[in-house]
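If you're wondering where the values come from, they're calculated on a predicted model, not measured in any experiment. So you know, we letter chains A, B, ... as the sequences are listed, proteins then strands, and number each from 1.
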There are 2 protein chains.
Amino acid sequence: MAVREDKRELIIENAVKVFAERGYYKATTGMVAKAAGVTQPYVFHFFQNKEELFKAVIDRAFSRIYDAFSEVNAPADQLIETMGRAFNQIIQTHRDEVLMVMQAHAISEAGIREHVRQLFLTIFESLTLKFEGAGISNAKETAAHFIGTGLLITVAEVLNLPQLICGKDEAE
Amino acid sequence: MAVREDKRELIIENAVKVFAERGYYKATTGMVAKAAGVTQPYVFHFFQNKEELFKAVIDRAFSRIYDAFSEVNAPADQLIETMGRAFNQIIQTHRDEVLMVMQAHAISEAGIREHVRQLFLTIFESLTLKFEGAGISNAKETAAHFIGTGLLITVAEVLNLPQLICGKDEAE
DNA sequence: TTTTATTTATTGATTGATAAATAAATAAAC
DNA sequence: GTTTATTTATTTATCAATCAATAAATAAAA
């Protein structure tokens, strides 16, 4: 039992890397299998198809971001700044996962898109609640704006355009 | 001469639709050809490969956005608002093209990514100059923020999450 | 022995791309 | 001005590769 779960975990963990590096379409199930040290057909023993595998992978990555935000606890006047720092921190420790989640909206599989929609909705509502709880007046606008900044940072990272991130110069 | 150019144009125009609707990877050269009313191999008479075709297509779409921004002329205190309206307008008249450009950063072909990088850089610099010219103090930050909002709107459109766009309710 | 874990072998479909053939248009020659 | 030659436009036929997914076989474990 533990073995079966371990292999599934192993596949997900390695699939994160492959999907993040190559994108959904250029990542093959063969590559995922190789990274996990199993044969390609064996991946389908744990996941019905490539789409289901990706959903499991993105859920994993999403949880990391979600949890990081949940753990943030700061006074109202420093909340947004602290949340921003939390985001910058996960982008440093788990760059691939974050970029994958933030780019997943561009995958044109209906099933995946609906799944990603739910993830973004969850994050948006959770951020809104957090900001409301802190007494921030326009919580929704602030939450949306926060996501917009996250998207900007993602594009800046992916396209190697540090100019887009304020306070971050070309020089690394 | 005119004929040759016309066919090339025809292919680009139809390719815009196909790429925008299906995304780079799910769009096939066969679909593009069919939409343009030519045979699939004939597409390769005008474009070396799928990647080059896409570059031509995204340049077309990008120009539309760039030109729309260039045409904006408003007093400093209304510039950003007016630019925002300009963006919302092209998104209504040429939804597919705008979404395609704003999502192109997620395409994991090195050649395309570099091309897209240039497009984003061009937009960023052009916006910055515009804001500087209007005497806006932190022109760069404002330009970056403007792009971030554009990305947010794109995600909201693609994932059908109007909640993310402030002032835009679920009810259409 | 019976289940569980995992592999080998294979397939069927898709798709970008090439090559060769044909048709149409234009120009040259008579 | 009609025929011939030559280029330009476009198609048919086809390939080679890639990949997700299935089925059947085998090894390991309980």
Side-chain angles (χ1 to χ4, degrees), chain A residues 1-58 100 104 106-115, chain B residues 1-58 100 104 106-115:
Chain A
M1 185 166 68
V3 178
R4 185 188 172 98
E5 283 310 302
D6 281 358
K7 273 285 154 67
R8 202 188 129 96
E9 287 297 300
L10 189 69
I11 290 171
I12 292 177
E13 275 161 32
N14 285 279
V16 168
K17 299 174 203 161
V18 179
F19 278 127
E21 270 171 27
R22 315 208 26 133
Y24 180 74
Y25 293 104
K26 294 209 86 184
T28 72
T29 56
M31 289 171 185
V32 170
K34 195 172 182 181
V38 299
T39 57
Q40 181 258 335
Y42 196 43
V43 172
F44 292 88
H45 198 250
F46 297 98
F47 307 93
Q48 204 178 5
N49 48 42
K50 190 184 178 182
E51 211 171 306
E52 290 302 317
L53 169 63
F54 183 78
K55 285 184 197 170
V57 164
I58 202 170
M100 195 182 66
I107 299 170
S108 35
E109 305 301 311
I112 292 180
R113 191 158 283 186
E114 178 51 35
H115 196 84
Chain B
M1 183 166 72
V3 177
R4 184 186 173 98
E5 283 310 302
D6 281 0
K7 271 286 153 67
R8 204 188 128 95
E9 287 295 300
L10 189 69
I11 290 171
I12 292 176
E13 275 162 32
N14 285 279
V16 169
K17 299 174 203 163
V18 179
F19 278 126
E21 271 170 27
R22 314 211 22 131
Y24 180 74
Y25 293 105
K26 294 211 84 183
T28 72
T29 56
M31 289 172 185
V32 171
K34 196 173 181 180
V38 299
T39 57
Q40 181 258 336
Y42 197 42
V43 173
F44 291 88
H45 197 251
F46 298 97
F47 306 94
Q48 205 179 3
N49 48 40
K50 190 184 178 183
E51 211 170 306
E52 290 301 317
L53 169 62
F54 183 79
K55 285 184 196 168
V57 165
I58 202 170
M100 196 181 67
I107 299 171
S108 35
E109 306 298 315
I112 292 180
R113 192 158 283 185
E114 179 52 34
H115 196 85

(request) For A:Y24 and A:E51, test the side chains for any donor-to-acceptor distance below 3.5 angstrom and give the result as yes or no. (result) no
(request) Using heavy atoms and a sub-4.0 Å distance, could you list which residues of residues 12-31 of chain A are near DNA chain C? By number, please. (result)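 Heavy-atom contacts with DNA chain C come from no residue of residues 12-31 of chain A; none.
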(message) Apply side chain to side chain contact (heavy atoms under 4.5 Å, CB included) to residues A:E52 and A:K55 and explain how you reach the verdict.
(response) CA-CA 5 Å; A:E52 290 302 317; A:K55 285 184 197 170; 3.3 Å; yes
Can you find a heavy atom in the side chain of [X] that is under 4.5 Å from one in the side chain of [Y]?
| X | Y | result |
| --- | --- | --- |
| A:I11 | A:F47 | yes |
| A:M100 | A:V57 | yes |
| A:I107 | A:F54 | yes |

(request) Verify the contact: side-chain N or O of A:K7 to OP1 or OP2 of C:dA5, cut-off strictly under 4.0 Å; return yes or no. (result) no
Rounding to an integer number of Å, can you tell me how far [X] [atom1] sits from [N] [atom2]?
| X | N | atom1 | atom2 | answer |
| --- | --- | --- | --- | --- |
| B:F47 | D:dT10 | CZ | P | 13 Å |
| B:F46 | C:dA17 | CZ | P | 16 Å |
| A:E9 | C:dA5 | CD | P | 15 Å |
| B:I11 | D:dA9 | CD1 | P | 12 Å |
| B:K34 | C:dT15 | NZ | P | 13 Å |
| B:H45 | C:dA20 | NE2 | P | 15 Å |
| B:E109 | C:dG16 | CD | P | 11 Å |
| A:R8 | C:dA5 | CZ | P | 14 Å |

(message) Using the side chain to side chain contact (heavy atoms under 4.5 Å, CB included) definition, which of the options B:L53, B:I12, B:V16 pairs with B:V32?
(response) B:L53
(request) Could you identify which residues of residues 37-44 of chain B place a heavy atom less than 4.0 Å from some atom of DNA chain D, listed by residue number, or say none? (result)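 Contacts with DNA chain D under 4.0 Å: B:T39, B:P41, B:Y42.
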(message) Of the options C:dG16, D:dT10, D:dA21, whose atoms approach the side-chain atoms of A:K50 most closely?
(response) D:dA21
(request) Evaluate the ring planes of B:F46 and B:Y42, with Trp represented by its six-membered ring, and classify them as parallel (under 30°), tilted (30 to 60°) or perpendicular (over 60°). (result) perpendicular
(message) Looking at every heavy atom in both B:V18 and B:A27, which two are closest together, and how far apart are they?
(response) CG1-CB, 3.7 Å
(message) Salt bridge check, A:K26 against B:E109: does any charged N sit closer than 4.0 Å to a carboxylate O?
(response) yes
